[in-house]
Structure formats: structure tokens, C-alpha cells
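Both backbone and side-chain heavy atoms feed into the values below; hydrogens, waters and symmetry mates do not.
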Amino acid sequence: MPTSSPSASWASRARWMLWVTTRSRCLRPLSPSTRCPPPKAPSLSADRVAPRSIAQVMERYNIKLFASMPSVYGDTQLLFDHPGGAIVIEKSEGDWHRKITDEVNIKIRLGRAVIVFFETTAHLKKYQDSSYFKQVLPGHANLLDEGVKAEMRDFVIGKAATSEQATFASAVFGRGTDFFCRDSKLTEAGGVHVLQTFFSSQKAEEVQIQGRTARQGKKGTYGLVLLRDDLEKDFGLGKSAFDKVAQASWYDTLDTARRAVRAKVCSQIENNLAEANAIDALTNKYFDSVRMGPQGQKRAGTRFLELFQTLRGEEPCRTNDYHVIFLVDVSGSMLEQDKRPQSVDIASSGHNNRVGCAMEACDTFVRMRCQDGAADLVTLTSFSTNPETVLSAAEVHDDMITRLLTKWKPRYGLTNFGGAFSSAASTVRGDVSGMPVLIMFLTDGVDGSNSVQQLETALSELSENENVSLRVIGFGGESHCDMDNLTSIAERFGEHGKCISAIDEVALVGSFEAAAAELSYTGKRKAA
């Protein structure tokens, strides 16, 4: 049998070490607030770079040539009279909705067309559901969001720039949508009026939305109706920010706040880029040493440690404590010995079968958590026709599973998913620890019960609890399990749910190892 060379073996180990290190920087508790975002590279969009002169931007991004092309239609006919009242800031959502309706109705009565842009479809829907939307002059309102079918969308866009029409759209239609005016009556009345109900975080978006009117040399107007709470949330403009500011200076105040926010974002992008470049340089040095084979082994080890410290950061390694609930299938099929545990201790305890494999996976999980210094609570519930809780919120210790196996005899029967998840829901309701909960659900078959309502009730309760995460493991894969059903169960939990197919005992243990590793936190990275 051929064997790999020492240098190839070393290179293989080195690649694996780098993979583990790189993975470790994104291992987090299952809470979405602690996700680890990848570094972002800067874009050349004017809104993605810190404020600089054109010459500075060209030098920074190595741009050799730029050109601008004037419009063939001459100067724009757009009127944005922000010193004269084209900006309105309302204190409450009700007043905000009322003002939008008032502005629309005024323009309709003047024979104008109005296109109102909301920041998101959700904001548009909220306005649509308000009493003020119903006060828009009857027969004049049209809706345009991402859910509108293509034929209807084209129809709404086509008639938006006609006299006495009001179109309410989400912001996505403010970029590139051609609301072309062919209505001479509308042109004589002053053209399309664009009303934006939020202040854009990027100037480029504002310019795009303004460009939905006064197209190809025609007349048009633009205004803003803003909600004060949004300005405070997005730009830090407190409730008194405009109290002593003349209305003629409102736009300058808004734009200054936007520039400050963008400057912070751009600074972070630059920092991320510098950090990514530093990591890239260290990685290249590491692999250069690896390619040298045994001669570069010592240097590669030094490079590896340097790279590891850069990725991991200065904060000490620690773990997060969880209440782990194991739901283990002990139906009749789990007695089969086509798959057996690799642990001699577990196999000799009278569980040299699929159940033994399941318990070996739980044992591996528990031992990894103990090695990480976790202070978990562990609940283990076996289920067949009925669930049986054999460990209840027990403090984790490394031999708790092997000790259990010396005295535990599973009650074999039919497979009842509903009973298992109902038991887990009861455990979570009674949990006063305050720890996040991870449910590890393991089965080798399909749900053989008729407890559909019981299962639905339990899954609804658990999936609505943001403190609960779920891992569903199908032991034996598609040859044994209904993986589509198991996947649908996991998907109920959104980003907190995951379905894994473990085709044999080795893959089963590996899936539990991976789940345990995900609970560990290796510290924050250094600042660039």
C-alpha cells in the first residue's frame, strides 16, 4: 500500500491546523447577536469611501482616469425647495401617515402625479393598513412593491406618471425604474412630484430617488416627509435636534448627520481592509513555510502561532454555558446491531447496537464540553412510544453518560416524535437557569405515531422561544429516515435550527462533536 511522503503528511496536517484556526474565529454561541461577520472590502461607490477630494480618491484606489458626461437635456428642471418647506418632520407615526396623505391629496387636486417612496415594504404595508391610506382620494392610489406580479407591476409603472395618479412604492423602485411622462396635461401641471418618507443613509440613493421625476428635461418636484424617531435611530438626531434650527437649514443638518454616520462606516471598512490584508500576509508566510516541507517545519509552527493569535485575539478563551437536552430515539429499530459504538466501555455495557452509538455520541459531546470548562446542565430523554427522562438538568461531568449506561435499560417501542418534543417543551418551561437551550434530537426512523397535534403544539412553543436552538440528526441518513420531514422540523427554528444526516456511527459522533464545538467561544479578534 503506498504511503504519503513526510513533507506531504506535514503539509496535510498544516492545512488542517489552519482550517481549524480559521473556523475558530467564527465559532460563537447560538445567539444571533454574536455572529462573526467576515471582513468587508471597500467599494468605489462615492458613498462607500470616506469624504475625500477627487484627487485623493483616485490616488487611494489607483484610478488613472475618470470622465463625466453632461446630460443631453441640459440643466435639470427638478425643484427641491427644502428652505421653503419641502421638508416636513413629524413627531408621531400617526402624524407622519396623515401628512403623507395630505401631501398626496394636495398634489392630486392640482392635476399632478405623486410617487411616494417608503424605506421598506414593511413601512409601506404599515401605511397601507393605517386609516390615513383610506383617505387618499378614491380611485387614485396604486401600490408598487416586490410582491406585485410582473404584469401588474408594468401596468402601475406605466401609469404612475399620468395626471392625478398616486403611486406608493418601496425604495427598491427608486433605482432605475423609468416612470416616463407622456402626459401633456401632467407636464403643464408641473410634472411628477416625488415624496420620500425616509432620509437615505447614502446620498446616492437619494439622488436616484429624485431622478424618478424631472426626467429628460421635464419639470418635477421632490419633497421629504420624515419621522423624528427614524432620524434619532438612524442618524443620532435627538428629539430636540431641530428645535433651534431654522427650517432653511434642516437639510444641511440632516446631511451633516448622514456624513458623520457614513464616515464611521467608511472608517470601519478601511480598518477591515487593513486587517484582512494583514491576515492575508501572515497566511502567505505560513504557507510559504509549509511548502518548504520538513525544513520549514519550525518556521511554519512559529507562523502558525502568530496567525492563530491574530485570528483569535487577546481576549481569553472561554465557553458559554448551555442547558443541553438530548432527545434519543430508543424505538425497536435502535436495537439493531448493524451499527455499533466504537467505545469498548459503551459496547460492553449491554448497548452494542444503535442505541450504544447514540449514547457514544452524547458521551463525546459531554466530554468535549467538560474539556472546554463548561458548566452546562444536561437533560437526557429517551423516547419510543412514550418519553422517559433519565437525566434531568444534571450538572455536566465527563463520565455522566457512561455511569448512566451501567444502570439504564431503555423502554423500546414505537417512534413518537410528538412525545419527545412535548417532553422537551415541558423541560424548557420549567427551566429557571436562564441558560440558552440546545436540543439535540436523534432518530433513526420516521414518526410512527398519530400525535400530529401534540408535535405541532410542542414545535410551535419551542420554535417561538428565541432562547432555544435545535439540531436534528438523522442516524442512517435517507436509507433509514425521512430526511425531508426532519429538515422541515429544523427549518421551523430558522437560523437556530439545523438538520444533519449521519450515515454511520463515525458520522454520528462527528456531528455531535461539531455541535459541541459551536458552543465554544474563542475570544474577540484584535483591532486592526
request  = Could you tell me whether Glu505 and Arg354 make a salt bridge, using a distance below 4.0 angstrom between a side-chain N and a carboxylate O?
outcome  = no
Electrostatic pair Glu456-Arg492, nearest N-O below 4.0 angstrom = yes
task = Could you check Gln454, Gln453, Glu461 and say which one makes a side-chain hydrogen bond (donor to acceptor under 3.5 Å, both in side chains) with Thr457?
result = Gln453
message = So for atom NZ, which belongs to Lys91, do other residues, nucleotides or ligands contribute more than 12 heavy atoms lying within a distance under 6.0 Å?
response = no
remark   = Looking only at heavy atoms, the pair that brings Arg367 and Asp398 closest together is CZ-O, 3.2 Å
remark   = Heavy-atom nearest pair, Thr415 first then Asp447, reads O-OD1, 3.3 Å
key: Residues, nucleotides or ligands: over 12 heavy atoms within 6.0 Å of Glu232 CD   = yes
request  = Return yes if a side-chain donor-acceptor contact under 3.5 Å exists between Ser343 and Asp363, otherwise no.
outcome  = no
message = On a heavy-atom basis, which atom in Ala169 and which in Leu124 lie closest, and how many Å separate them?
response = C-CD2, 4.1 Å
key: Phe168 ring center near Phe133 ring center (under 6.0 Å)   = yes
message = I'd like to know if Lys239 pairs up with Asp229 as an ion pair, taking the criterion as any Lys NZ or Arg NE/NH1/NH2 lying under 4.0 Å from an Asp or Glu carboxylate oxygen.
response = yes
ask   = Does atom CD1 of Ile503 have more than 12 heavy-atom neighbours, drawn from other residues, nucleotides or ligands, at distances under 6.0 Å?
value = no
inquiry  = If you take the centroid of each ring, where Trp contributes its six-membered ring, are Tyr127 and Tyr132 closer together than 6.0 Å?
reply    = no
remark   = On a heavy-atom basis, the closest approach of Ser449 and Asn416 is OG-OD1, 3.2 Å
request  = Could you pull out the closest heavy-atom pair between Ala160 and Gln165, with the gap in Å?
outcome  = O-CB, 4.0 Å
Pair Phe173 + Phe179: ring centers closer than 6.0 Å = no
ask   = Looking at Arg471 and Ile473, what are the two nearest heavy atoms and their distance?
value = O-CD1, 3.7 Å
inquiry  = With a 6.0 Å cut-off on the ring centroids, do Phe326 and Phe441 count as close?
reply    = no
key: CA sep, side-chain torsions, deciding dist, call: Lys498, Glu518, salt bridge (Lys or Arg N to Asp or Glu O under 4.0 Å)   = CA-CA 12 Å; Lys498 186 176 181 180; Glu518 287 183 4; 3.7 Å; yes
ask   = Are Lys99 and Asp95 within salt-bridge range, i.e. N to O under 4.0 Å?
value = no
task = Take atom CD of Gln337 as the centre, draw a 6.0 Å sphere, and report whether it contains more than 12 heavy atoms from other residues, nucleotides or ligands.
result = yes
